[in-house]
Every structure is written in structure tokens, then in C-alpha cells.
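See structure below.
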Amino acid sequence: MNAASTLAVLGGHPVIRHPRGPAPAVGEEEAQAAAEVVRSGVLSDYVGAPGPAFMGGRRVRALEEQAAQYFGSRHALAVNSWTSGLICAVGALGLEPGDEVITTPWTMAATATAIVHWNAIPVFADIDPATFNIDPSCVESLITPRTRAILAVDIFGLPADWAALRAIASRHGLALLGDGAQAPGARVDGRHGQTLADVGGYSLNYHKHIHSGEGGILVTDDDRLASRMAMIRNHAECIVQGSDPATLAGMLGFNFRLGEIEAAIASIQLGKLAPRIRNYQRAAAQLSEGLRGLPGLVTPIVPAGHTHAYYVYGMRLDPALTGVPRAALADALRAEGVLGVSAAYQNLHRLPMFVHRIAYGTQGFPFRSPYTRPDLRYGRGTCPVAEQLHDETYLGLALGMLALDESQIASVVEAFHKVWAQRHRLRAEAA
Ligand SMILES: *Cc1c(COP(=O)(O)O)cnc(C)c1O
């Protein structure tokens, strides 16, 4: 196999003939832990009423203790998904309808819908094209008298610029929330990125670095927010039955409780996080070394003091230098057997829900309501950097889901070189 053989997309042999999909992330240890819970007969040990069982069963609490220690936070709270975690975090702030939360469009929809669930309004700040993370200067330019919080995402596994975001939050009296679904184990100057937010956390969904099928973990140092999130997680009946009206706001409870089986599995998975991340970092270093110098391809940068958990290895294309549309390159890479290639990510500000401003009912609530600033705009043109990346220049490789070894990465590098060497033929074909 060499770079001159015919491209697979044009009928040649692929570099990777038998692409290997994701390796199973759970094994015998998890099976045993799950079996033990089943045999105990206690699959969940929560009670919604006040009392010791309000905070859940033995495995849930053990997971929380382990997570608090691992991530270095005063509190960790287990929830049944990270989407639930985000809803708890936003809810704990006690927002008024129409309050604004500035967040990023370059993330999964749950980041923004968690805000809308509380009748608050997501305001999308553009991103930094070098890191794909929210751009602090753009955040500051969007602050209004209605702004209450910033919700930043450590997207693809790289911590956001938490120092800059914290400075802005302090200057304007805003809460700072984090979404680290893709970034467990990613650090800034030795501290876990999500612990730099007032509330942050991680997903335990099947597709993430570590998982228990479904689940999530909230981390915070704030006692008051931790107790409010624990209420929201478990029906908030304690508060609803309480007597002080001042404590009622935002206490619309859910059932976001994680079961004992998932908690037992998650505990074992958490123990496997560090070596798993090291493996992704090794793979990413090998990729960056191997792909260096390919015309028009920009590999990920990691700011000083940050570590990257590489859920996604996010690249950028310079179309003036590649001379080929992104889709043609992506198709050619896929044809060579490269798994996990994505040629677009997310532009939440262009989702129909925001463009048409319809969430609750048909009349546009909460966007079009007396509670909400009427001049807020979504849609194309409001986050041009994220738009250009999504429409033309972003190219990603789902590293975290594939767990590729050294020889597999070498084949991926070979496929990139083959495609790049012959990309003019793709152009000719496309014409
Ligand atoms: C996966 C993901 C979520 C949602 O997590 P779940 O555990 O699947 O609910 C939220 N935000 C981001 C950035 C994600 O990648």
C-alpha cells in the first residue's frame, strides 16, 4: 500500500480493509458489580420523603464520594443522565422567566434546552476557531441586564478558557456553569476543568469516555447549590412540603435518580478513566505528528496549562490550500476505512426551535412573552465563526469512541496522506 495507489473512493483498495469499531468499554468487573447489586435485591434505594434515604442508596453514595475525591470537588451528585444534571444545575440558580444564560452553539442540544426548561433564554456566543470553545470576548459583548449566568462547555474534551470566563462572571455578578460531558479528566493547571465552574459535571452515557449506559455526575463546591440540586433530582418534596415560601422558587422536582446498578458500574468505570484518557492523548499525539504538514489541515491546539481528553480530535481545513470541498475529503477518508470521520458538528443557534422561537406551546413561549427581551435574534449570521466551521471548514475524528491502538492510528495517518496526495483527483472527479 502506498500513497500512489488508487483512492478507494475511486475504486481502489482501501488502506484499512477491515475497520475495527469501538472496543467494548465494560468487562467482567462491571458484570460482577452489576450481578452483585441484582443479587442484593436493592436496585435503587432512594426515598422521596425527608430522611436519610433521600440522598440515595449505598452505591450511589459511594460513587459520589469517589467522584468528589477524584475530581477534587466538595460535592458530587449522581444523576440518571447528564441532561438531567444540566437541568439540575440551571434550576438550582433560581432564575426568573426571561433571564438570559450565555452559552455556546457548538455543543449538543441538551446544553441549551436545559436553559429553556426553566423558561430562561439561551443567548449564543460565538466560539474560538482554534479551540472550538466559547469565546470569552464574545460572551462579554452579549451581557445585558437580563444576563444571569454563563454555561460553558469543555467541547471535544478541551477545557474552556475558565480563567477568562471566571473574570467576566465576577465582573458582572454572573453564575458560571459547566458542561463537561465530553471532558472528564481534562484539566487546567492540574485542576479538573469542570471544578472551575460553580457547578459542572460529566456524562456517563454509553457514548462517552466512561459510562454506565446512562448517567451523569454533578460537581460543585457550593453547599447551597448542591442541596438545591439534590432537591430537584428527587421530586423536591421536602421543600414543597416545607413552610418557607422563599425556598420554593425553582423547586419543581424531577426524578433524576441514578439506580444502584448503574452507580456500581460507574464506580468501576471511573477507576478506568485516567488510563483511558492517556490512551487517547497518546493517539492524538501520534495523529498530530503524522498529519503535520498536510496542506490546509490544522490539527488541534492545546493551550498552555490545559490537558485535552480527546473525545473528538477536532481539525480545521483551509479550503484555499486543500482546493477540494470538505465533503469530498471526508468521503474519500471514509472510503479508505477511516471510522468516526465527521464533516460538520453543531450550530444550535440555527435549530428550528430557536429560529422559529417555539418551545412551550405554539405561541412562542418563553421567547415571545412579556418576560423576554424582544430584540433577541437567532439564526444565521449571529455566530459566524461557528457557522463557517459547521458549513465548510471543520473536520473531526471521533477518537474517544474508537479507542484506536498505535497501528490503527498509523493506518489512519496513512489514509490521510493517501487522500491528500491525490486530492486533485477528487476535484477532477467532482467537476
Ligand atoms: C452527551 C452530551 C450531553 C448529554 O449527556 P447525556 O448523558 O447523554 O444526557 C450534554 N452535553 C454535551 C456536550 C454532550 O456531549
Side-chain angles (χ1 to χ4, degrees), residues 22 25-26 63 67 76-91 101-117 122 124-125 127 131-134 149-160 162 177-186 192-194 197 199-219 229 232-233 254-259 262-263 265-266 269-270 273 277 280 308-314 340 342 344-349 351 353 386 389-390 394 396-402:
V26 294
L63 169 65
L77 290 171
V79 278
N80 62 355
S81 77
W82 177 237
T83 300
S84 304
L86 286 165
I87 294 171
C88 285
V90 177
V101 179
I102 300 176
T103 192
T104 166
W106 192 263
T107 180
M108 193 235 163
T111 313
T113 53
I115 298 165
V116 182
H117 277 299
F124 295 103
I127 60 172
T131 62
F132 304 104
N133 274 322
I134 197 166
I150 302 166
L151 169 42
V153 182
D154 291 344
I155 203 68
F156 296 164
L158 179 68
W162 289 105
L177 303 180
D179 175 347
Q182 303 183 2
H192 287 271
Q194 288 295 300
V199 180
Y202 306 99
S203 172
L204 294 170
N205 170 263
Y206 177 66
H207 297 289
K208 300 292 161 61
H209 289 81
I210 55 168
H211 77 84
S212 50
E214 302 291 351
I217 296 177
L218 287 150
V219 290
M229 294 192 295
I232 293 169
R233 168 176 74 174
F254 294 83
N255 175 351
F256 287 157
R257 308 179 303 208
L258 188 72
E262 289 84 354
I265 293 173
Q269 287 275 298
L270 189 53
L273 176 61
I277 300 270
Y280 300 148
H308 200 315
Y310 290 108
Y311 180 67
V312 173
Y313 183 86
S342 59
Y345 188 59
Q346 298 273 15
N347 269 191
L348 295 191
H349 63 297
L351 291 184
M353 162 180 201
L389 285 164
H390 185 61
Y394 165 73
L397 207 52
L399 264 197
M401 288 168 64
L402 295 171

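Counting convention: from 1, in listed order, for ligands and their atoms alike. This structure is a prediction, so every number in the text was calculated from the model and none was measured.
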Q: Identify, for atom 8 (O) of ligand 1, the protein heavy atom at the shortest distance, and state residue, atom and that distance.
A: N205 CB, 3.6 Å
Q) Can you tell me which residue and heavy atom of the protein come closest to atom 3 (C) of ligand 1, and the distance to 0.1 Å? A) M108 SD, 3.3 Å
Q) Does the ring center of H211 lie less than 6.0 Å from the ring center of Y206? A) yes
Q) Ignoring hydrogens and geometry, is there a side-chain-to-backbone donor-acceptor pair from T111 to M108 under 3.5 Å? A) yes
Q) Less than 4.5 Å apart, any side-chain heavy atom of T103 and any of I150? A) no
Q: Can you pull out the closest protein heavy atom to atom 9 (O) of ligand 1? Residue, atom name and distance to 0.1 Å, please.
A: T83 OG1, 2.6 Å
Q. Which residue and non-hydrogen atom of the protein lie closest to atom 11 (N) of ligand 1, and at what distance in Å?
A. D179 OD2, 2.7 Å
(Q) Heavy atoms only, cut-off 4.0 Å: how does K208 contact ligand 1, side chain, backbone, both, or neither? (A) side chain
**Q.** T107 and ligand 1 - part of the residue with a heavy-atom distance under 4.0 Å
**A.** side chain
Q. So, do Y311 and Y280 have ring centers that fall under 6.0 Å from each other?
A. no
(Q) Using the side chain to side chain contact (heavy atoms under 4.5 Å, CB included) definition, which of the options Q182, K208, H192 pairs with Y202? (A) H192
Q: Report yes if W82 has an N/O atom closer than 3.5 Å to an N/O atom of ligand 1; otherwise report no.
A: yes
(Q) Quick check on contacts: which atoms of ligand 1 are under 4.0 angstrom from a heavy atom of T111? (A) 11 (N)
Q) Taking the six-membered ring for Trp, are Y345 and F156 ring centroids under 6.0 Å apart? A) yes
(Q) Could you identify the single nearest non-hydrogen protein atom to atom 7 (O) of ligand 1 and state the distance to 0.1 Å? (A) S203 OG, 2.7 Å
Q. With a 4.0 Å cut-off on heavy atoms, does S84 reach ligand 1?
A. no
Q: Please round to the nearest 0.5 Å and tell me the distance separating atom CD of Q194 and atom CG of D179.
A: 6.5 Å
(Q) Under 4.0 Å from a heavy atom of S81: which atoms of ligand 1 are those, numbered in the order shown and with their elements? (A) 7 (O), 9 (O)
Q | Under 4.0 Å to a heavy atom of G215 - the qualifying atoms of ligand 1, by number | A | 7 (O)
(Q) Tell me if a side-chain donor or acceptor on E262 pairs with a main-chain N or O of N80 at a distance below 3.5 Å. (A) no
